[in-house]
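Only one structure is covered here, and it is reproduced in the block below.
So you know, we letter chains A, B, ... as the sequences are listed, proteins then strands, and number each from 1.
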Amino acid sequence: AQSVTQLGSHVSVSEGALVLLRCNYSSSVPPYLFWYVQYPNQGLQLLLKYTSAATLVKGINGFEAEFKKSETSFHLTKPSAHMSDAAEYFCAVSLSGGSYGKLTFGQGTILTVHP
Amino acid sequence: DAGVTQSPTHLIKTRGQQVTLRCSPKSGHDTVSWYQQALGQGPQFIFQYYEEEERQRGNFPDRFSGHQFPNYSSELNVNALLLGDSALYLCASSPTGGGTGELFFGEGSRLTVL
């Protein structure tokens, strides 16, 4: 079975500072990995995905993540935080990318951005 | 191009009642999955429907059931509601073959059980 651990339920940064949200996964087979963002009272929006191609994945809104197999990690970063980045972020893993796949989510990390 | 739409957006029920939530997938998608997101938690997989059949199921009791219609829309039914069923219920769709694995989510139906 697969699982996801997000380290830190709350992360606070200043506007313009580096954003680093941590995600470690457990999977018995090569995984597909995703980061989703959820704004208050809304559904989940895909930020980026790793599907066994390039290990450094670029997503929307300036976010990127690097797949490190040796560390079983898929941390999300953004060089310079913006106030609009304040939201909850979820890391998710899927054992297969096909339509039989289902996502297992982490507990989420709430990102606060201070002016 | 309409995305995933869900109804109702909010509803309040009392313990023991039954509820039906509805979902229309993104255009071109034929697979629908349902997730439960309790307050402060990540979404938990309930089940997935494809070709009008339940294909996968998470660790949820039989009180949770679903249906998929020929137009790919779906319903989630929960019987004998418990206080613990209060949550945001998210519907997600994906195309035939799964694309590259990501799911497209609706904005959810927030259920409060009193």
Residue B:Tyr72 excluded, over 12 heavy atoms near OH under 6.0 Å: no
Shared hydrophobic cluster, B:Leu103 / A:Tyr32 (ILVMFWY, side-chain heavy atoms < 4.5 Å): yes
Whether over 12 other heavy atoms sit under 6.0 Å from B:Leu39 CG: no
Verdict with supporting geometry, B:Phe45 and A:Phe105, ring-ring contact (aromatic ring centres under 6.0 Å, His included): CA-CA 9 Å; B:Phe45 176 76; A:Phe105 285 87; over 10 Å; no
Interatomic spacing from CD in B:Gln44 to NZ in A:Lys102 - rounded to 0.5 Å: 10.0 Å
N/O donor-acceptor pair under 3.5 Å between A:Tyr36 side chain and B:Phe105 backbone: no
Interchain contact, A:Leu44 with chain B, by part (heavy-atom threshold 4.5 Å): both
Test side chain to side chain contact (heavy atoms under 4.5 Å, CB included) applied to B:Gln41 and A:Phe90, step by step: CA-CA 10 Å; B:Gln41 304 292 319; A:Phe90 292 94; over 6 Å; no
Option that, when pairs with chain A are counted at under 4.5 Å, heavy atom only, ranks first among B:Gly108, B:Pro43, B:Gly42: B:Pro43
Contact class of A:Gln38 relative to chain B, heavy atoms under 4.5 angstrom: side chain
Same apolar cluster: B:Val4 and B:Tyr89, side chain cutoff 4.5 Å: no
Co-membership, hydrophobic cluster, residues A:Val57 and A:Tyr25, 4.5 Å side-chain: yes
Any A:Tyr39 side-chain heavy atom under 4.5 Å of B:Glu107 side chain: no
Contacting region of B:Gln6 [heavy-atom separation from chain A under 4.5 Å]: neither
Residues, nucleotides or ligands: over 12 heavy atoms within 6.0 Å of B:Arg15 CZ: no
Enclosure of B:Asn59 CG (heavy-atom neighbours >12, cutoff 6.0 Å): no
